[in-house]
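One structure below.
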Amino acid sequence: MLTKFVVVLGSVMSGLGKGVTSSSILKILDLYGYNVLPVKFDGYLNYDCGTMNPYRHGEVFVLDDKSEVDMDFGTYERFLDKDLTGESSITGGKLFSEIIEKERRGEFLGQDVQIIPHLSEMIIKKLENLGKSKRADVIVIEVGGTVGDIENSYFIETMRQLALKHKTVFIDVTYVPELSVVGEQKTKPTQNAFRNIMALGIAPDFIICRSERALSENVRSKLALYTNVNKNRVVDNHDLDTVYEVPLSLLRQGVDKELLKLLDLKKSKINKKKLALYEEKVNRIISDGNRYIRVGIVGKYVDLKDSYVSVKEALLHAGVKSEVNINIDWIESETLEHSDPNSVLDKLDAIIVPGGFGKRGIEGMINAIKYAREKKVPFLGLCLGMQLMAIEYARNVCGIKNADSTEFDPKTKKNVIDIIPEQIGVKYGGTMRLGAWKCKIANKDTIAYRAYRKTVVSERHRHRYELNNKFLGDLKKKGLVVSGTTMDGKLTEMIEWKDSFGIGTQAHPELKSRLEKPAPLFVSLLEAAKESL
Ligand code: GLN
């Protein structure tokens with residue numbers, strides 16, 4: 001079957017959750033048994049997200065194949081429960097570098113190379129090839145940014161051309177504001193935005209309206225009237241308790257039927273069993289009857305919650321499995337450098353130190369780890385969190401006073417954490433130890449084995465530093481457990497405390513956590529927290 005396409009555009013403003021809408025469409029088609037694939041277009045000229053600051057752009061998501069991609073990929077994978085590849089991420093940077101390389105190879109000899117038709121044709125070919133190689137029935141393309149941006153304009157024009165060749169459905173995700181004084185939902189921003197889209201030669205088939213409260217019938221009719229969109233394709237997407245509810249809300253409004261009709265897809269039966277399982281999980285997220293576990297996330301980018309979105313989601317998934325609700329305390333690690341950790345941390349049932357880069361806030365994280373170890377608060381260290389767990393242990397248990405990482409003090413002699421030899425001198429994009437790596441679990445009497453129930457596990461990585469083998473003997477002698485190594489035994493992948501629940505992993509297990517498959521270390525953390533309640 002030839003691949004069909006759904007194109008998701010955003011209007012009025014950014015931040016409306018196009019990623020969640022695209023993921024929900026993918027989920028619905030998946031529930032009908034179609035082989036679906038997301039593609040995200042990002043207009044920036046960076047090749048990928050690898051060199052972007054999580055404080056500005058949100059979390060850098062990593063795929064098995066080493067690609068560093070936009071955090072929307074986390075949403076796609078979590079909704080679809082499917083591992084994706086970097087081919088699904090199309091950026092301005094990738095497109096322009098590819099076309100210039102082609103030009104240098106002389107592939108356009110004699111022609112002046114232009115965005116239309118050369119770049120647009122290249123994009124369409126890419127989409128067609130991807131559809132073929134992945135045997136996708138439907139590709140859902142999320143266009144990053146908002147209609148009217150300069151960065152995505154050529155891409156949107158390409159989508160218009162795509163629709164001339166292939167069955168393509170357009171969805172506009174828009175915003176319907178409500179002025180609290182008037183108490184009325186306003187359609188004008190959408191009406192104006194719609195005119196802009198129509199001027200580009202695209203007539204959206206659906207409008208998905210983000211709003212605080214449910215869309216009123218009156219507003220739905222008005223939008224249908226002004227936009228030529230059939231009223232039952234003007235869809236409500238008001239704030240819900242959890243984003244995982246969005247596919248269910250779209251199904252309740254019959255989006256599935258309309259979508260299948262427009263795409264001319266014949267399967268008419270949803271997989272009821274799969275849907276029921278999903279519904280059950282979503283209901284568990286919403287249900288309030290469970291005990292609450294208070295988890296402190298001690299990080300340096302906490303002001304922008306998007307920086308740690310996968311950690312937050314992994315906790316939510318693990319909470320569903322462990323039948324607890326999660327309360328997250330976001331703790332800016334620098335505050336633990338000048339205030340007493342006791343007063344900030346004493347209400348917590350568990351502590352996580354997530355990944356991060358650079359020196360700022362490090363000492364505060366180390367203080368939090370010391371507190372967790374001494375007070376036996378269940379602890380999970382992710383990547384940087386594991387490295388700091390080793391430094392804390394070296395300083396406070398092994399008496400190596402100045403234990404440090406060469407990332408924070410390049411001249412330190414007590415380089416308990418040191419650069420991976422292959423990483424020396426490389427500082428540009430795509431050069432870290434990235435992607436899925438296997439880890440061998442040392443023995444069955446470890447937190448790691450009790451969590452994973454396997455002796456070889458695979459998780460995603462993104463780091464440049466590692467535990468220095470020179471100090472391993474000292475650390476082990478004083479009781480630190482090395483519970484996971486690389487398959488060749490050369491790099492330490494997981495460390496643990498002996499006397500209480502504390503585990504650090506060099507990987508980012510949060511990146512593979514799904515509602516259906518919660519990350520084992522997060523589940524174990526919550527189980528340990530439950531026990532100590
Ligand atoms: N900065 C550390 C390193 O590069 C940790 C990276 C991370 O937490 N992802 O090794």
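These numbers were taken from a predicted model, which means no experiment stands behind them.
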So, are [X] and [Y] salt-bridged, with charged N and O less than 4.0 Å apart?
{"X": "D404", "Y": "K414", "result": "no"}
{"X": "E77", "Y": "K512", "result": "no"}
{"X": "R395", "Y": "E363", "result": "yes"}
{"X": "R514", "Y": "D83", "result": "yes"}
{"X": "D42", "Y": "K40", "result": "yes"}
{"X": "E516", "Y": "K27", "result": "yes"}
{"X": "D445", "Y": "R450", "result": "yes"}

So, [X] side chain and [Y] main chain: donor-acceptor pair closer than 3.5 Å or not?
{"X": "K18", "Y": "G145", "value": "yes"}
{"X": "Y393", "Y": "K478", "value": "yes"}
{"X": "E142", "Y": "S22", "value": "no"}
{"X": "K94", "Y": "S89", "value": "yes"}
{"X": "R373", "Y": "G502", "value": "no"}
{"X": "D48", "Y": "V69", "value": "no"}
{"X": "T21", "Y": "G17", "value": "yes"}
{"X": "S333", "Y": "G364", "value": "no"}
{"X": "K300", "Y": "R360", "value": "yes"}
{"X": "Y154", "Y": "S120", "value": "no"}

Gap between atom [atom2] of [Y] and atom [atom1] of [X] - 0.5 Å precision:
{"X": "E392", "Y": "M365", "atom1": "CD", "atom2": "CE", "value": "14.0 Å"}
{"X": "T158", "Y": "I90", "atom1": "OG1", "atom2": "CD1", "value": "10.0 Å"}
{"X": "M494", "Y": "I447", "atom1": "CE", "atom2": "CD1", "value": "10.5 Å"}
{"X": "T75", "Y": "L26", "atom1": "OG1", "atom2": "CG", "value": "11.0 Å"}
{"X": "E510", "Y": "L380", "atom1": "CD", "atom2": "CG", "value": "8.5 Å"}
{"X": "C383", "Y": "H461", "atom1": "SG", "atom2": "NE2", "value": "7.5 Å"}

* Asked: H317 vs Y244 aromatic rings, parallel, tilted or perpendicular, using cut-offs 30° and 60°?
  ->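 Because their plane-to-plane angle is over 60°, the rings of H317 and Y244 count as perpendicular.
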
* Applying side-chain contact (heavy atoms from CB on, under 4.5 Å), run through L475 and C398 and close with a yes or a no. => CA-CA 7 Å; L475 291 164; C398 306; 3.9 Å; yes

* **Verdict with supporting geometry, T406 and D418, side-chain hydrogen bond (donor to acceptor under 3.5 Å, both in side chains)** => CA-CA 5 Å; T406 43; D418 202 2; 2.9 Å; yes

* **Contact list for residues 429-444, test side chain to side chain donor-acceptor pair (under 3.5 Å), sequence neighbours left out** =>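 Qualifying pairs, neighbours excluded: T431-R464, R433-H463, R433-E493.
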
* Asked: What side chain to side chain donor-acceptor pair (under 3.5 Å) pairs are there with at least one residue in residues 129-139, not counting sequence neighbours?
  ->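 Checked against side chain to side chain donor-acceptor pair (under 3.5 Å) - neighbours excluded - the pairs reaching residues 129-139 are T85-K134, E87-K134.
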
Just to verify, what does [X] make a side chain to side chain contact (heavy atoms under 4.5 Å, CB included) with, not counting sequence neighbours?
{"X": "A372", "value": "I351, V377, F379, W497"}
{"X": "V113", "value": "I99, E103, F108, H118"}
{"X": "M71", "value": "E59, D306, V309"}
{"X": "N367", "value": "P341"}

* Asked: Looking at side-chain heavy atoms only, is the closest gap between F41 and T91 below 4.5 Å?
  ->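 No - every pair of side-chain heavy atoms lies 4.5 Å or more apart.
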
* Asked: Do I171 and V7 come within less than 4.5 Å of each other through their side chains, counting heavy atoms only?
  ->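 Heavy-atom side-chain distance check fails, nothing below 4.5 Å.
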
* Asked: Between E157 and R160, is a salt bridge (charged side-chain N to carboxylate O under 4.0 Å, His left out) present by the stated rule, with each step listed?
  -> CA-CA 5 Å; E157 163 58 17; R160 186 191 66 79; 2.9 Å; yes

Of all the heavy-atom pairs spanning [X] and [Y], show the shortest one and how long it is.
{"X": "A451", "Y": "S524", "result": "CB-OG, 3.1 Å"}
{"X": "G144", "Y": "N152", "result": "O-ND2, 2.9 Å"}
{"X": "I124", "Y": "L162", "result": "CD1-N, 3.9 Å"}
{"X": "L515", "Y": "K281", "result": "O-CD, 3.6 Å"}
{"X": "L384", "Y": "P354", "result": "CB-O, 3.9 Å"}
{"X": "S67", "Y": "G86", "result": "OG-CA, 3.1 Å"}

* Apply the test side-chain hydrogen bond (donor to acceptor under 3.5 Å, both in side chains) to residues E527 and S322: give CA-CA distance (whole Å), side-chain angles for both, the deciding distance (0.1 Å), then the verdict. => CA-CA 7 Å; E527 291 297 330; S322 295; 2.8 Å; yes

* So among Q506, M386, Q387, which one has a side chain to side chain contact (heavy atoms under 4.5 Å, CB included) with L467? ->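 One option only clears the test, and that one is M386.
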
* Asked: Do K82 and N35 get their side chains close enough for a donor-acceptor pair, meaning under 3.5 Å?
  ->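 Yes, side-chain donor-acceptor contact under 3.5 Å.
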
* Polar side chain donor-acceptor pair, R78 to S310, under 3.5 angstrom ->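 Checked: R78/S310 side chains pair up, N/O donor to acceptor below 3.5 Å.
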
* Begin with the C-alpha distance, continue with both residues' side-chain angles, and end with the deciding distance and a verdict on salt bridge (charged side-chain N to carboxylate O under 4.0 Å, His left out) for K125 and E128. => CA-CA 5 Å; K125 197 93 251 101; E128 288 170 343; 3.4 Å; yes

* Return yes when atom NZ of K4 has more than 12 non-hydrogen atoms of other residues, nucleotides or ligands closer than 6.0 Å, and no otherwise. =>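 Yes - once you tally the heavy atoms of other residues, nucleotides and ligands closer than 6.0 Å, there are more than 12.
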
* To do: Before giving the answer on side-chain contact (heavy atoms from CB on, under 4.5 Å), spell out for I391 and I369 the whole-Å C-alpha distance, their side-chain angles and the decisive distance to 0.1 Å.
  => CA-CA 10 Å; I391 292 176; I369 297 172; over 6 Å; no

* To do: Go through the steps for I297 and V353 under the test side-chain contact (heavy atoms from CB on, under 4.5 Å), then give the verdict.
  => CA-CA 6 Å; I297 298 184; V353 172; over 6 Å; no

* Test of ring centre spacing under 6.0 Å for F61 and F73 ->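 Centroid distance F61-F73: not below 6.0 Å, so no.
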
* Between F357 and Y465, is the gap from one ring center to the other below 6.0 Å? ->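 No: the rings miss the under 6.0 Å criterion.
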
